[in-house]
Amino acid sequence: MNRTLRAFLIAPLWAPALTGLQMFLFGLPRSMGPLDPTEWLLLSLVLSLLLGCAGVWTLGILIHRLLATRRITALWRHIAIWFAAGLAVRMVLLVATWAPTGGLAFGLAELQGAMQTRPLFLLSGGLAGALMGGTIWLMAGIGRPGAPGPSSAK
């Protein structure tokens, strides 16, 4: 199996790992509806895996191709770009989650509130992106001396 393909299959696993860590550190939400704690945890892990896969296999492939086209192989650049992408996705998902309840203005107000009261929640999206990007960089062998470089993912 191609190294890049393997990297894109493994990288999304950071999403449920970080979701589980957040729930361990900060606990479950106060209101879980009809779900018991185990069901809530499992549902959260599955949804985060699906979102992680969707993000890596869509936006992540675009990022990878962009970096390959520009021949950017430095680890810190990969991590910075993936961090920014993960942060942006977290913010868009937060707005999109609340917008159906009270409109776009309500969703944006929730985002502003999260920036003020829960910045670590937003930054965890960036952390997930950075870990995913670093994993892809490492597993695909992008920065290896003598490696064909990121353009080998064609």
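Fair warning: this is a prediction, and the values are worked out from it, not measured in the lab.
Shortest non-hydrogen contact noted between S44 and M23 is OG-CE, 2.9 Å. Residues Q22 and S124 approach most closely at NE2-OG, 3.0 Å, considering heavy atoms. Taking each heavy atom of V95 and L104 in turn, the nearest pair found is CG1-CD1, 3.8 Å. Closest approach of L49 to P12, counting heavy atoms only: CD1-O, 4.1 Å. Minimum interatomic distance between A140 and A7 (heavy atoms only, all atoms of both residues): N-CB, 4.0 Å. Between A15 and G52, the closest heavy-atom pair is CB-CA, 4.0 Å.
Under the 4.5 Å side-chain criterion, counting only non-hydrogen atoms from C-beta, L75 is not in contact with L138. Looking only at side-chain heavy atoms (C-beta outward), H78 and L67 come within less than 4.5 Å of each other. Side chains of F83 and L123 form a contact here, defined as non-hydrogen atoms less than 4.5 Å apart.
A donor-acceptor pair is defined here as one N or O able to donate and one able to accept, closer than 3.5 Å; no such pair exists between the side chain of W98 and the backbone of A105. In terms of modelled atom types and a separation under 3.5 Å, the side chain of Q116 and the main chain of G113 share no donor-acceptor contact. Side-chain N or O atoms of W57 include one that pairs as donor or acceptor with a backbone N or O of F8 at under 3.5 Å. Without hydrogens or angle criteria, R90 side chain to F121 main chain gives a donor-acceptor distance under 3.5 Å.
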_Checking H64 against T4 for the side-chain contact (heavy atoms from CB on, under 4.5 Å) test, could you report, in this order, the C-alpha distance in whole Å, the side-chain angles of both residues, the deciding distance, and whether it holds?_
CA-CA 10 Å; H64 184 74; T4 303; 3.8 Å; yes
*Begin from the C-alpha positions of L122 and R118 and carry the test side-chain contact (heavy atoms from CB on, under 4.5 Å) through to its verdict.*
CA-CA 7 Å; L122 294 174; R118 300 178 296 151; over 6 Å; no
*asked:* Go through it in stages, so that I can follow the logic: the residues are V56 and I136, the test is side-chain contact (heavy atoms from CB on, under 4.5 Å), and I'd like the CA-CA distance, side-chain angles, deciding distance and then a yes or no.
replied: CA-CA 10 Å; V56 166; I136 290 170; 4.2 Å; yes
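L42 and L50 fall into different hydrophobic clusters, where Ile, Leu, Val, Met, Phe, Trp and Tyr side chains are chained together by heavy-atom contacts under 4.5 Å. By the criterion of side-chain heavy atoms lying less than 4.5 angstrom apart, applied directly or through intervening Ile, Leu, Val, Met, Phe, Trp or Tyr residues, L94 is grouped together with M115 in one hydrophobic cluster. Cluster annotation: L127 is connected to W14 through the hydrophobic network of ILVMFWY side chains, with a link wherever side-chain heavy atoms come within less than 4.5 Å. The hydrophobic cluster containing L108 also contains M91, counting ILVMFWY residues as joined when their side-chain heavy atoms lie under 4.5 angstrom apart, directly or transitively. Taken together through direct or relayed side-chain contacts under 4.5 Å among Ile, Leu, Val, Met, Phe, Trp and Tyr, V89 and L66 form parts of separate hydrophobic clusters.
The structure places CG of L45 at 6.5 Å from OG1 of T19, a figure rounded to the nearest 0.5 Å. The structure places SG of C53 at 7.0 Å from CG of L13, a figure rounded to the nearest 0.5 Å. Put simply, CG on D36 and CG on L41 are 10.0 Å apart, with the number rounded to the nearest 0.5 Å.
For the side chain to side chain contact (heavy atoms under 4.5 Å, CB included) with W82, the lone residue among L131, I63, L87 that qualifies is I63.
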